[in-house]
Amino acid sequence: MLLYWSCVLAFMATFRCTAADQPLVYGTAELEWNWAEAFKVNIRVQMQYPVSNGWRMALIFSQPIKKIEVWRAKVLEMKTSADQMTYALKEMYFNKNLAKGDNLTFAVVAHKSKKNLRPPGKVTVLFKGGTVIPILPTVPPPTTPPEQLIPILQLKPIDESDTGFKMIIDYQVPKAVPYWCISLKFTKNISTRNFGIDKAKVTLPREPICDSFCLGPRPYNENLQANSSLRLEFNCNKAKLFEAAPIAFFVFHPDSAQCEDFDLPVPGPVGPQESTDAELIRKWGNEFKMKLELQMERSVRGSWKITLKFSDPVAEISNLNIAKVAGKSKDRLTYYIENFPGQIQYANMKQCKKLKIEFGGKLAASSSNKPLTATASFERKEPEYAEVDPQMVCSP
């Protein structure tokens with residue numbers, strides 16, 4: 001009997017080891033943004049086999065990284081060698097079970113060890129189902145990622161106002177089609193009123209706001225030749241005044257009159273926000289005047305908020321030139337200011353623009369000999385729509 005149970009235990013241990021160590025799968029890391037202090041990559045792994053109880057992933061960076069931010073996975077450990085840095089990740093509760101053919105996607109923001117280090121370098125993605133952290137084998141990885149059968153293409157506004165925006169679909173048709181339709185989906189609801197498009201028909205829902213639309217051909221462009229270009233310009237109204245215009249994604253359906261819904265790519269963590277020290281212009285008694293200047297490392301689309309942290313309690317701040325007070329902490333050391341909803345020139349700012357703010361204030365306690373200081377941290381209310389040009393260098 002003892003021999004029997006020993007054999008059973010040995011078999012179960014062997015089975016657990018075999019089940020945990022699944023085949024290695026290579027993923028892809030596509031660079032989306034490259035800021036001065038960090039960069040953002042989109043990770044994608046297509047499942048080559050079903051994963052039933054969790055997984056492990058290794059992100060291997062070819063340059064030193066201070067830290068990473070990721071929302072759809074947990075960081076297990078970090079290892080450093082002479083020429084690379086490796087972060088080990090594991091599953092979250094909602095993505096531990098994956099079917100064969102599924103795509104595991106998420107974004108990672110990596111903070112550089114040195115500012116303005118360009119290019120970000122190479123990021124290698126290794127994946128394994130189970131509990132064994134993958135490592136680089138001696139055999140080189142495949143040179144091409146798995147082919148995506150139905151491409152989901154991104155659109156960004158080419159023009160924007162306080163009430164609406166304009167986009168252009170410029171799609172090269174890979175093969176001749178007798179008929180077609182396009183599933184168009186926005187990252188937020190837009191107004192269905194006055195959806196203007198000239199070279200296609202649009203099916204408008206009855207609801208006043210919606211995020212998904214179906215575009216179809218007009219009689220003169222039903223038949224498209226191979227390698228021809230389909231260019232569609234359209235204007236839309238925003239669902240809310242002064243908000244950031246959304247990003248859109250579309251799927252081209254050849255030989256079909258039926259649009260299909262699809263899942264939007266999952267947004268990842270945003271990049272670092274701007275911050276600066278406020279400058280004390282003048283102080284008399286308990287009253288003072290300060291100014292601050294913030295240079296935008298990324299564009300600003302939509303509203304924003306600035307957190308002011310003072311070294312001494314402040315009873316009130318006033319005379320803000322381009323913003324308003326939105327709140328304060330109980331200890332009066334922290335104040336929150338935001339832009340006026342009606343000032344679209346400050347709700348949408350381009351990269352490198354300098355935001356200059358002056359304000360007055362009054363200390364809560366008697367004046368001391370200690371100098372008054374304050375730090376300002378900038379926060380976009382819709383950070384996922386901020387954009388950056390990696391080639392643009394802002395002048396001081």
Side-chain angles (χ1 to χ4, degrees), residues 35-38 69 115 160-163 238 240-245 269-388 394-396:
W35 303 292
E37 299 179 352
E69 296 178 53
K115 194 174 182 180
E160 183 177 355
S161 67
D162 54 349
T163 59
K238 299 177 180 179
K240 297 179 181 179
L241 193 66
F242 301 118
E243 71 175 349
V270 300
Q273 304 281 21
E274 294 83 355
S275 61
T276 189
D277 293 329
E279 179 184 344
L280 181 64
I281 301 175
R282 185 186 172 195
K283 183 173 180 292
W284 62 101
N286 287 358
E287 299 186 33
F288 62 90
K289 185 176 182 181
M290 280 186 160
K291 68 177 181 179
L292 60 92
E293 182 177 293
L294 284 159
Q295 187 172 56
M296 300 298 109
E297 295 186 5
R298 295 174 292 141
S299 68
V300 178
R301 299 176 58 207
S303 301
W304 48 262
K305 181 175 72 174
I306 292 177
T307 301
L308 285 171
K309 293 187 176 181
F310 294 91
S311 57
D312 295 308
V314 173
E316 63 178 24
I317 58 175
S318 58
N319 299 324
L320 284 158
N321 56 340
I322 61 169
K324 64 177 183 179
V325 178
K328 61 183 177 182
S329 61
K330 291 183 178 180
D331 58 9
R332 298 185 179 184
L333 290 173
T334 304
Y335 276 74
Y336 307 97
I337 62 175
E338 59 186 24
N339 61 322
F340 291 107
Q343 292 187 342
I344 191 66
Q345 66 269 30
Y346 294 110
N348 292 283
M349 294 182 285
K350 294 182 179 180
Q351 181 181 350
C352 295
K353 180 177 176 60
K354 294 181 179 180
L355 179 65
K356 300 179 181 180
I357 298 178
E358 291 188 4
F359 59 93
K362 185 176 182 180
L363 294 173
S366 301
S367 176
S368 64
N369 295 327
K370 183 174 65 175
L372 177 66
T373 61
T375 59
S377 300
F378 187 85
E379 179 183 348
R380 295 161 178 81
K381 292 188 178 180
E382 298 180 272
E384 64 272 24
Y385 300 113
E387 296 179 349
V388 63
C394 301
S395 58

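The figures that follow rest on heavy atoms only: side chains count, while hydrogens, waters and symmetry mates do not. Quick caveat, the model's predicted, so the values are computed rather than measured.
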Hey, does Thr163 have a side-chain heavy atom less than 4.5 Å from the side chain of Leu241?
yes
Of all heavy-atom pairs linking Ala315 and Tyr335, the shortest is O-OH, 3.0 Å
Are Asn339 and Ile306 packed together at the side-chain level, in the sense that at least one heavy-atom pair is separated by less than 4.5 angstrom?
no
With a 4.5 Å heavy-atom cut-off, do Thr307 and Lys309 have their side chains touching?
yes
By ring pair (Phe, Tyr, Trp, His ring centres under 6.0 Å) - contacts of Phe288 (at least two apart):
none
What's the shortest heavy-atom distance between Arg380 and Arg298, and which atoms?
NH2-O, 2.9 Å
Would you call Thr276 and Thr375 a side-chain contact if the rule is heavy atoms closer than 4.5 Å?
no
Beyond-backbone contact of Phe310 with Leu363, side-chain heavy atoms, under 4.5 angstrom
no
Any Phe378 side-chain heavy atom under 4.5 Å of Val300 side chain:
yes
Output for pair (Arg282 CZ, Lys289 NZ), nearest 0.5 Å, gives 9.0 Å
Within the structure provided, determine whether Met296 and Gln351 are in side-chain contact (heavy-atom separation under 4.5 Å).
no
Heavy atoms only: give me the nearest Leu320-Ile337 pair and the separation to one decimal.
CD1-CG2, 3.9 Å
Quick one: closest heavy-atom pair of Lys328 and Tyr336, and the distance?
N-CD1, 4.0 Å
Between Ser311 and Pro371, which heavy-atom pair has the shortest distance, and what is it?
OG-O, 3.9 Å
Lys356 to Ile322 - nearest heavy-atom pair and separation:
O-CD1, 3.6 Å
Heavy-atom side-chain proximity of Gln295 to Cys394 below 4.5 angstrom:
yes
For Lys381, which residues count as a salt bridge (Lys or Arg N to Asp or Glu O under 4.0 Å) partner, sequence neighbours excluded?
Glu338
Could you give me the CA-CA distance, side-chain angles and deciding distance for Glu160 and Lys238, then say whether salt bridge (charged side-chain N to carboxylate O under 4.0 Å, His left out) is met?
CA-CA 10 Å; Glu160 183 177 355; Lys238 299 177 180 179; 2.9 Å; yes
Full working for side-chain contact (heavy atoms from CB on, under 4.5 Å) between Val325 and Ile317
CA-CA 8 Å; Val325 178; Ile317 58 175; 3.6 Å; yes
